[in-house]
Amino acid sequence: MGRHAAATTERRWPVGLAVVAGSVATFFAVGADVGAQRIEAVAAPAVPVVASRPCCVQVVEAVHPLAPSVGPFEAEMGGDALMSASRWRVDDRPPVLPVGVAPETGLQVKTILVSREISVIFPEIQSIGGVRPDALRWHPDGLALDVMIPNPSSPAGIELGNEIVAFVLKNASRFGIQDAIWRGTYWTPAGPQYGGMAHFDHVHITTLGGGYPSGDEVYYR
């Protein structure tokens, strides 16, 4: 090998070493950046807090048991935690309605649904009548409710009764509403039909029934 060739070879070593050193520095810089991203992902909460619907968000374990594959960074930064978090989801099914203030014995399913909804939406209501003897079949057959209004002749009581009538009529299809009577007016989903019906201390609500419960029903909002 000539002197010029030897000199060229000797000059290449520092350049090659600089390339290797640069690659190593780049690798560690990228690795540090990726590692930081993974740490942030693990630290983030698995399920966001939904303040607007605290009653309707429920965390349940997903049905599918398989977790995603875990790479080297996941293994270093908590792969088990990532796999565990991946098996959770948000369940947005409507909440189950608790038993309302009305005695439910003898009521049909649509009547029960209305009673439970009113008990939740209007906590001011402390008394709802259901099955009782009557010359007409609505109460004896479990098709009717008497929603008793506190201070029914006061402005607040009248407004509360109006709100309940509006609520059941707005949801007439889901509740199976036949009619509602309040302060002398007979209401159907099509609108007011005629007056002269009394009912100044309670809102009378009649449903289409839907049949008697078997005991296995779950009532959702």
Side-chain angles (χ1 to χ4, degrees), residues 50 52-58 60 91-221:
V50 182
S52 60
R53 291 183 62 195
C55 67
C56 306
V57 178
Q58 180 183 9
V60 298
D91 182 7
D92 59 356
R93 290 175 299 182
V96 175
L97 285 166
V99 176
V101 299
E104 295 183 352
T105 301
L107 296 181
Q108 298 194 31
V109 292
K110 291 294 187 180
T111 317
I112 293 173
L113 177 61
V114 176
S115 171
R116 292 192 179 194
E117 280 272 20
I118 290 175
S119 297
V120 169
I121 301 298
F122 302 97
E124 307 96 316
I125 300 301
Q126 298 298 308
S127 177
I128 300 178
V131 175
R132 60 174 172 80
D134 193 76
L136 301 175
R137 71 182 187 91
W138 315 119
H139 280 288
D141 289 352
L143 300 171
L145 299 169
D146 287 334
V147 181
M148 306 307 296
I149 304 298
N151 302 312
S153 60
S154 68
I158 294 171
E159 179 61 24
L160 177 59
N162 292 343
E163 289 179 3
I164 291 173
V165 171
F167 173 71
V168 298
L169 293 176
K170 181 179 179 180
N171 294 276
S173 178
R174 187 166 74 91
F175 292 157
I177 294 297
Q178 174 179 293
D179 57 61
I181 308 171
W182 169 237
R183 295 187 62 79
T185 302
Y186 179 88
W187 296 84
T188 73
Q193 300 300 302
Y194 53 83
M197 299 294 294
H199 296 79
F200 284 89
D201 64 348
H202 69 277
V203 177
H204 172 93
I205 299 169
T206 306
T207 77
L208 300 176
Y212 293 100
S214 64
D216 297 326
E217 290 79 11
V218 178
Y219 298 91
Y220 293 101
R221 286 196 65 182

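The basis for the numbers below is simple: all heavy atoms, side chains too, and nothing from hydrogens, waters or symmetry mates. Residue numbers run from 1 in the order of the sequence given.
- Within the model, atoms OG1 of Thr188 and CD1 of Ile181 stand 11.5 Å from one another, a figure rounded to the nearest 0.5 Å.
- In this structure, Lys110 and Leu208 have side chains that are not in contact, with every pair of non-hydrogen atoms separated by 4.5 Å or more.
- Contact of the Asp201 side chain with the Met148 side chain is registered, since non-hydrogen atoms from C-beta on lie closer than 4.5 Å.
- In plain terms, the two heavy atoms of Tyr219 and Pro213 that are nearest each other are OH-CB, 4.0 Å.
- Side-chain contact between Trp182 and Ile149 is present, with at least one heavy-atom pair separated by less than 4.5 Å.
- Here the side chains of Ile112 and Leu97 are not in contact, with every heavy-atom distance at 4.5 Å or above.
- Atom CZ of Arg221 sits about 8.5 Å away from atom CZ of Arg174, to the nearest 0.5 Å.
- Expressed to the nearest 0.5 Å, how far OH of Tyr212 lies from CG of Leu107 amounts to 9.0 Å.
- Considering only heavy atoms from C-beta on, Gln178 stays 4.5 Å or farther from Thr207 through its side chain.
- Within the 3.5 Å criterion, the main-chain N or O of Gly215 finds a donor-acceptor partner in the side chain of Glu217.
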Name each donor-acceptor pair under 3.5 Å that joins a side chain in residues 123-134 to protein atoms two or more places apart or in another chain, with its distance.
residue	atom	partner	partner atom	Å
Gln126	NE2	Pro123	O	2.7
Arg132	NE	Asp146	OD2	3.4
Arg132	NH1	Asp134	OD1	3.0
Arg132	NH2	His139	NE2	3.2
Arg132	NH2	Asp146	OD2	3.3
Asp134	OD2	Leu136	N	2.9

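- Test Ile205, Leu145, Thr206 against Val168 for side-chain contact (heavy atoms from CB on, under 4.5 Å) and you get one pass: Ile205.
- Taken to the nearest 0.5 Å, the CZ atom of Phe175 stands 7.0 Å off from the CD1 atom of Ile118.
- Side-chain atoms of Ser119 come within 3.5 Å of backbone N or O of Val101 as a donor-acceptor pair.
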Next item on the list: Begin from the C-alpha positions of Asn151 and Leu160 and carry the test side chain to side chain contact (heavy atoms under 4.5 Å, CB included) through to its verdict.
Entry: CA-CA 10 Å; Asn151 302 312; Leu160 177 59; over 6 Å; no
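- Rounding to the nearest 0.5 Å places CH2 of Trp187 at 14.0 Å from CE of Met197.
- Side-chain N or O atoms of Gln108 include none that pairs as donor or acceptor with a backbone N or O of Gly106 at under 3.5 Å.
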